[in-house]
Each structure stands twice: as structure tokens, then as C-alpha cells.
Amino acid sequence: MYVTVYPIYGIVFGFSYWNSDMDEFPQEDEQIKEHAIQLTLGIIGVTFTVWKNNG
């Protein structure tokens with residue numbers, strides 16, 4: 001797992017999710033799937049990224 005904390009210039013509240021299947025051109029033979037969850041709370045943002053083996 002990889003965690004990134006960063007400042008936001010303004011005030012934002014939100015949640016987003018992305019995984020590698022959502023790419024415009026996903027790789028059919030890709031062995032590792034990437035998942036990312038992003039939380040924004042006021043002036044701080046946190047992204048949690050996890051890689052899972054598809055095998």
C-alpha cells in the first residue's frame with residue numbers, strides 16, 4: 001500500500017475511487033490490478049493506492 005498526503009489550495013470535501021480496469025485502454029494481460037481511493041477533507045487530501053495480483 002502506498003499513501004500520499006497533500007495540501008489542497010481551497011476547501012474541498014469528496015471521495016473518489018479508481019482502478020486500472022477504468023483506463024481508456026486497459027491491458028488484457030496485465031497481472032497486477034491497481035486500486036486508488038482518494039479522500040479530500042477541507043484543505044487536506046489523502047490517496048491510498050493498493051496493488052493486487054490478478055493471478
Side-chain angles (χ1 to χ4, degrees):
M1 180 192 302
Y2 185 75
V3 178
T4 306
V5 178
Y6 50 91
I8 296 174
Y9 301 100
I11 297 176
V12 178
F13 295 94
F15 170 83
S16 67
Y17 170 78
W18 170 87
N19 71 33
S20 52
D21 290 340
M22 296 178 182
D23 283 345
E24 185 175 354
F25 302 108
Q27 301 290 330
E28 296 281 331
D29 59 344
E30 194 171 303
Q31 295 296 318
I32 297 175
K33 186 180 284 190
E34 183 177 354
H35 302 268
I37 296 173
Q38 181 181 42
L39 300 171
T40 51
L41 305 169
I43 60 171
I44 299 293
V46 180
T47 302
F48 300 93
T49 306
V50 177
W51 293 270
K52 287 190 175 181
N53 195 354
N54 260 357

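No experiment lies behind these values; they were computed from the predicted model shown.
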ILVMFWY cluster, V46 and M1 together (side-chain gap under 4.5 Å):
yes
From CG (N19) to CD (E34), nearest 0.5 Å:
9.0 Å
Yes or no on side-chain hydrogen bond (donor to acceptor under 3.5 Å, both in side chains) for Y6 and Q38, after CA distance, side-chain angles and deciding distance?
CA-CA 11 Å; Y6 50 91; Q38 181 181 42; 2.4 Å; yes
Would Y17 and V12 show up in the same hydrophobic cluster when neighbours are defined by side-chain heavy atoms closer than 4.5 Å?
no
Surrounding OH of Y2 (heavy atoms of other residues, nucleotides or ligands, distance under 6.0 Å), is the total greater than 12?
no
Testing the basics here: between G10 and I43, what is the closest heavy-atom pair and its distance to 0.1 Å?
O-CG2, 3.3 Å
Can you hop from F48 to W18 via hydrophobic side chains spaced under 4.5 Å?
yes
Taking T40 for its side chain and G14 for its backbone only, find out whether a donor-acceptor pair lies under 3.5 Å.
yes
Hey, quick one: are L41 and I37 part of the same hydrophobic cluster, counting side-chain heavy atoms closer than 4.5 Å, chains of contacts allowed?
no
Which heavy atom of L39 sits nearest to which heavy atom of F15, and what is that distance?
CD2-CD1, 3.2 Å
